[in-house]
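Heavy atoms only: backbone and side chains are in, while hydrogens, waters and symmetry mates are out. All chains are named by letter (A, B, ...) in the order of the sequence lines, taking the proteins before the strands, and each is independently numbered beginning at 1.
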Amino acid sequence: MPLLNDDRLFPTEPAVRALARELYSSVQGLPIISPHGHTDPRWFAENEPFPDPANLFVTPDHYVFRMLHSQGIPLDAMGVPRADGGPVEADPRKIWRLFAQNYHLLRATPSRIWVDHAFQTVFGVNKRLSAETADEIYDQIAECLSQDAYRPRALFERFNIEAISTTESALDDLHWHKMIRDSGWSGKVTTTYRPDAVIDPEFGGFAENIATLGELTSEDTSTWVGYLAAHRSRRAYFKTVGGATASDHGHPTARTEDLPQAEAAALFAKALQGKCSAEEADRFRGHMLTEMARMSLDDGLVMQIHPGATRNHSASIFDRFGRDKGYDIPTRTDYVTALRPLLNAVGENPDLTVIIFTLDETSYARELAPLAGVYPALKLGPPWWFHDSYEGMMRFREMTTETAGFYNTVGFNDDTRAFCSIPARHDVARRVDCSFLATLVATGRLDKDEAFEVAHDLAYRLAKQAYRL
Amino acid sequence: MPLLNDDRLFPTEPAVRALARELYSSVQGLPIISPHGHTDPRWFAENEPFPDPANLFVTPDHYVFRMLHSQGIPLDAMGVPRADGGPVEADPRKIWRLFAQNYHLLRATPSRIWVDHAFQTVFGVNKRLSAETADEIYDQIAECLSQDAYRPRALFERFNIEAISTTESALDDLHWHKMIRDSGWSGKVTTTYRPDAVIDPEFGGFAENIATLGELTSEDTSTWVGYLAAHRSRRAYFKTVGGATASDHGHPTARTEDLPQAEAAALFAKALQGKCSAEEADRFRGHMLTEMARMSLDDGLVMQIHPGATRNHSASIFDRFGRDKGYDIPTRTDYVTALRPLLNAVGENPDLTVIIFTLDETSYARELAPLAGVYPALKLGPPWWFHDSYEGMMRFREMTTETAGFYNTVGFNDDTRAFCSIPARHDVARRVDCSFLATLVATGRLDKDEAFEVAHDLAYRLAKQAYRL
Amino acid sequence: MPLLNDDRLFPTEPAVRALARELYSSVQGLPIISPHGHTDPRWFAENEPFPDPANLFVTPDHYVFRMLHSQGIPLDAMGVPRADGGPVEADPRKIWRLFAQNYHLLRATPSRIWVDHAFQTVFGVNKRLSAETADEIYDQIAECLSQDAYRPRALFERFNIEAISTTESALDDLHWHKMIRDSGWSGKVTTTYRPDAVIDPEFGGFAENIATLGELTSEDTSTWVGYLAAHRSRRAYFKTVGGATASDHGHPTARTEDLPQAEAAALFAKALQGKCSAEEADRFRGHMLTEMARMSLDDGLVMQIHPGATRNHSASIFDRFGRDKGYDIPTRTDYVTALRPLLNAVGENPDLTVIIFTLDETSYARELAPLAGVYPALKLGPPWWFHDSYEGMMRFREMTTETAGFYNTVGFNDDTRAFCSIPARHDVARRVDCSFLATLVATGRLDKDEAFEVAHDLAYRLAKQAYRL
């Protein structure tokens, strides 16, 4: 019995379902544009086999291990590495069995669909994971992973990925990207400029990072002017060497500022000395978004802003395991006031593309759709992280389309670290969008021929166009 | 082929759709009560033909031109007048072609339904607007506009409008309303008392406005007592001369205050001198809402509060084009604390009607329905502005009905400046309400005979009763 | 004709409806676990007949009297007692007729379903309440109430209640609970430890309450250490004498603190002297939640937090009628920052269960599901109060399940004061959950065999397990 229902995520009324299926058929086979995510370029550079099923599906996937942890399972039992390098569970089969025993915890979550999708379509598994089937499925996946057809590049091609963008720190030397390019392999893997470490005064080792930035660019980053020049230089390096078409910015809030240059320079000097107050650090970050936007006007990089997560909510987990351990929690996020300085500075320029994401769905209809529905430079990123799901996508379309339309959105981003989830996530997005479109047609809000065109736009064209890929 | 699907906006399940259709049939032909909006009384006073299709559908419609602008089309290209009177595109056919080429941007927006509805039902257009059909449709509409049957009064009658309320500044002399009344035409067009210009200390020319208010009323508006008397006098004038049954208040927030008279008087004095801080101006506005409510207790005017828009978000657009150019953006709005002073002062009085609107849908279930579900004076206005849409109306009913019921709501307002959109908007509201009611019946939450009664209430009776029309 | 549609609250698409019905059939007859509410233990202790229909359905039910009041009906006319003991309407038949005449105000509200459910399934009424049927239905219910089969214990058994928890102040002597236990009756009625009166410095008579707490426990509650010991003692008493398995905390916000003991002690001393500022009182309440959580680690009581209501919004109603008169209004509530101190102190302990409720639905997907989806100690309470409804429950599942799953939720609480609404409310919850599950199966998000298991978990097992009943 297949794990996946062929009509999954389609409307339940038969006629509307039939239309959704028809729309989906027209986009199901389109190549994947994955313009933003966190896959590891090393995979494609070295093309080594993935080690084992637990390392592929459990240990690195914060969606999975946070859910098991919420029911009392220690992170170490799932092999999550400790900050101090101390021992954690190392037997992948034991980790896998723990996952299998607790697979019911993922019921009705997006992870369940993603895992089942990879099981069935990538590894040919056709039994539901459970304590009983754990070993059999483990063996089946492990056997696959030993084959060349399951190495990263082969999967990349099998997944029909036309282009994928990874994300690297501004200080990264991009050697994996160089290695991919030098290998002669035809897969298109580009980087994204992520300068948080050299923009956020509260980032660990900020002053050292700025010094390193200076060394990498041969600019005097002890001065404001040299610092900006270093960014320009580094952005150019990311474009040339890593094929970057975008930058990405993960800030606590969506705050932007457009300060007089002297004030920005003074804040930068304080930041270098480690003397910024929390408010000053926030103001500096906010100002740098506007500087980045100005550089985008020159070099054409698309700008992405991912605000609104309270990072490392649990002090004890952070101490023991470090960052990105499932303890980043969304918070209420203002956009109207926060984005105003940047939008007033550059938002009227149609050559600029600023893509804004949110973890606060209340902003969709109230703030983001009205803003994106008028400012030429502003576009809405797809539902992100906790909202990268059936319900999240449906709410996004229902709450943004009437005010922002389809053409101020930019298709789908998977934003994933889990390689095998990429086809699953894009499949979910295509299905949900086709369901939404079928419902629009069935309720007289869109003509059928238009729905086919929009389905293609949402599945493929808008991402390619917005990210200039 | 008709532009409109006869079953548009109805549920997709056939049995529920049939019930929605049956309910809708019972209210489809009811006269339109349009108790709040921004149509121009001059239209009905002079009864001149509308000039051309672009002037009817594009240039004055902020929903339309903001969406085209969001994709980089300059406002001048759509004929939007500049603040300095400088040249903008003046050829209506060129504007129309631009609109037609970009009509796909409106897919799945309420504007698309409104425009298609007017095209089909008012002008007999049966082709979808596009670059190809632009000229043909332009000619067809232009030809109609040259006929007497398309003059404002004829359309008013054809639209089956029983009563419409326009909105005039407290300083308006209401001469268009007088002209309508004196003309002997039977159409019921009344005004609404909108005193923002003489209540908001931050309104341009506040002190001059207050002086004008004094001249108009022969009251000494340099004193607090005289100022209040002038309001009373002006409200009486609006009732007598313009047939007003309501006042309307557009404030940045829903803040109300109930200050001691001496403190209010002192704030007023400061406001006249232009010395109010932002906080003091806000407090004064808040207090004036309570004063207006007290006057309503005396003169019977229904009070409307429209809070929560951040006006003129783009400084450059405001400088170049002025107000109301699509750059008003909703913000998070508190009601629980904000309305308390007013509700504590007068909210228990069942003879008073205060109708509250919101642009922040998060307040529906959390704040507004609980407040309207207990205070005798408070009623909920229909979904407003960005939320005057299928999804917006459905969310409104789903999030308010369980706590506020139907009878603390007041039917539909179109709140429009676009005359031809009035039948379309009321039609959308009637369809959505019937869809909601049909779903309630189908899920055992309402009996069928009750649904017919409620459908009539929502389409006609509640607006008439709440606004005393 | 029956008042209730057998398929009420099920999806409208016939195949999905059939599946929902099948799921519901499997849980419809399960015993009721009612782990949190406000029924009066005296009913079960004395087992006296309920007095009359108005006293059962109107006068004590704030959902009902607030809705009638919102349309201008004075509270006294519904028999709501005045704070000063002055006269109010005392004729139950007159109150009943008023209710009947205004029964249309409850259309599409949960109260309508609860009342109709009790009418039909408890009292055999098969006509809709209205002015015409008022007397007939009154007589029918009154006749029932005179029978032994309608006394509290008989109804308890007929309702198939396996366990019910009432809520008593920390200062209560639990004599009704003792009386129930001593009576030999087999019904399981337990108490819940509700210490607001001795935790909130702003609670009326705080210092006297603390003194009483000292007397009850023979601890020196004038000291911080003695105060904590008194809590421990009282919690033990509630466990032993009243069978308590949980504590409950109704605070204005979700704020928690984990202060140094010396600081907490100093705040306590100030609180005893009545010298706490509003901020200090709030900090003390916040700290006490963490102290309560620590005690829960020792004594195993499950901890419930019910934050976010602005109490007694109308000063005049509060003056005239006192607390709990329908004027408690939800407000925007933060959880991410507010719960952090408590969660950092004890949230990683899987032996602790903290159940959090909200009146702010915007926190479901943004804050609460992400928090409950990772912290082992945190669970989500069911939709509460204004959200204890079809739409409220559906939004809860749609907005929490994808991130928190089913197993970080705890089944249903009725939280009611209205005894006859208990079966109705649990029936609504079971129906809505089965509708949600059927939709998941129909859209390929859950397998059918899993849906049956989850339906049973949500209807019965999770509440029993979470509350240790």
Enquirer: When only heavy atoms count and the cut-off is under 4.5 Å, which of residues 381-399 of chain B reach chain C?
Expert: B/E398, B/M399
Enquirer: With a 4.5 angstrom heavy-atom cut-off, is it the side chain or the backbone of C/I113 that approaches chain B, or both, or neither?
Expert: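 Answer is side chain: those atoms of C/I113 sit under 4.5 Å from chain B.
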Enquirer: Over all heavy atoms of both residues, which pair between B/P350 and C/G72 is shortest? Give the atoms and the distance, please.
Expert: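 The answer is CB-CA, 3.9 Å.
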Enquirer: Between B/R445 and C/T109 (side chain of the first, backbone of the second, donor and acceptor by atom type, cut-off under 3.5 Å), is there such a pair?
Expert: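 Here the side-chain-to-backbone pair does not exist.
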Enquirer: For chain C, which of B/V336, B/T12, B/D334 has the most heavy-atom pairs under 4.5 Å?
Expert: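 Max contact count across the listed options: B/V336.
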Enquirer: Does any backbone or side-chain atom of C/S316 lie under 4.5 Å from a heavy atom of chain B? Answer side chain, backbone, both or neither.
Expert: both
Enquirer: Looking only at non-hydrogen atoms, find the nearest pair between B/V374 and C/H69 and report the distance.
Expert: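 Heavy atoms only, the tightest pair is O-CD2, 3.1 Å.
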Enquirer: Most heavy-atom pairs under 4.5 angstrom with chain B, which of C/G326, C/S314, C/A315?
Expert: C/S314
Enquirer: Could you walk me through whether C/Q71 and B/N408 pass side-chain contact (heavy atoms from CB on, under 4.5 Å), step by step?
Expert: CA-CA 8 Å; C/Q71 293 282 314; B/N408 289 307; 2.9 Å; yes
Enquirer: Looking at C/R112 and B/D447, does any basic side-chain N land under 4.0 Å from a carboxylate oxygen?
Expert: yes
Enquirer: Which distance, rounded to the nearest 0.5 Å, do you find between the CG of B/N344 and the CZ of C/F318?
Expert: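 Rounded to the nearest 0.5 Å, the CG-CZ separation comes out at 12.0 Å.
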Enquirer: Answer yes or no: does atom CG of B/D6 have more than 12 heavy-atom neighbours from other residues, nucleotides or ligands under 6.0 Å?
Expert: no
Enquirer: Provide the closest heavy-atom pair for C/M67 versus B/T403 in the form atom of the first, atom of the second, distance.
Expert: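 Taking C/M67 first and B/T403 second, the nearest heavy atoms are CE-O, 3.6 Å.
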Enquirer: Looking at chain C, which one of B/G373, B/G405, B/G444 has the largest number of heavy-atom pairs inside 4.5 Å, strictly under?
Expert: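 Option with the greatest count: B/G373.
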Enquirer: Are any of the side-chain heavy atoms of B/P376 and C/S70 separated by less than 4.5 Å?
Expert: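 Heavy-atom side-chain distance check fails, nothing below 4.5 Å.
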Enquirer: Any residues in residues 14-22 of chain C near chain B, with a heavy-atom distance under 4.5 Å, and which are they?
Expert: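 Under the 4.5 Å heavy-atom cut-off, C/P14, C/R17 qualify.
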Enquirer: If I compare all heavy atoms of B/R340 with all of C/N312, which pair ends up nearest, and what's the gap?
Expert: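 Taking B/R340 first and C/N312 second, the nearest heavy atoms are NH2-O, 3.0 Å.
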Enquirer: So which heavy atom on B/L446 is nearest to which on C/A108, and how close?
Expert: CD1-N, 4.2 Å
Enquirer: Under 4.0 Å between a Lys/Arg side-chain N and an Asp/Glu carboxylate O for C/R332 and B/D360?
Expert: no
Enquirer: With a 6.0 Å cut-off on ring centres, are B/Y375 and C/H313 close enough?
Expert: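 Ring-ring flag for B/Y375/C/H313: true, centres closer than 6.0 Å.
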Enquirer: Quick check on the interface: out of C/D328, C/I73, C/I317, C/D7, who has the most heavy-atom pairs with chain B under 4.5 Å?
Expert: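 When all of C/D328, C/I73, C/I317, C/D7 are compared, C/I317 has the most.
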Enquirer: Under 6.0 Å between ring centres, would you say that holds for C/H104 and B/F406?
Expert: no
Enquirer: So which part of B/L371 gets closer than 4.5 Å to some heavy atom of chain C, the side chain, the backbone, both or neither?
Expert: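 Contact with chain C involves both backbone and side-chain atoms of B/L371.
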Enquirer: How many angstroms lie between CG in B/D457 and CZ in C/R107, if you round to the nearest 0.5 Å?
Expert: 7.0 Å
Enquirer: Using heavy-atom distances under 4.5 Å, tell me whether B/A404 contacts chain C through its side chain, its backbone, both, or neither.
Expert: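 Backbone of B/A404 only, per the 4.5 Å heavy-atom cut-off to chain C.
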Enquirer: Before giving the answer on side-chain contact (heavy atoms from CB on, under 4.5 Å), spell out for B/E367 and C/T331 the whole-Å C-alpha distance, their side-chain angles and the decisive distance to 0.1 Å.
Expert: CA-CA 7 Å; B/E367 304 177 26; C/T331 36; 5.6 Å; no
Enquirer: Looking only at heavy atoms and a cut-off of under 4.5 Å, which of B/K379, B/E402, B/E13, B/E348 has the most pairs with chain C?
Expert: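 Of the options given, most contacts go to B/E402.
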Enquirer: Is it the side chain or the backbone of C/L106 that comes within 4.5 Å of chain B heavy atoms, both, or neither?
Expert: neither
Enquirer: Looking at every non-hydrogen atom in both residues, tell me the closest pair between C/F10 and B/T443 and how far apart they are.
Expert: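 What the structure gives for the nearest pair is O-CG2, 3.5 Å.
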Enquirer: Below 4.5 Å, heavy-atom pairs only: which of C/R128, C/R431, C/E361 has the largest tally toward chain B?
Expert: C/R128
Enquirer: Are there more than 12 heavy atoms of other residues, nucleotides or ligands under 6.0 Å from atom CZ of C/R323?
Expert: no
Enquirer: Going from CZ on B/R366 to CD1 on C/I329, what distance comes out if it is rounded to the nearest 0.5 angstrom?
Expert: 12.5 Å
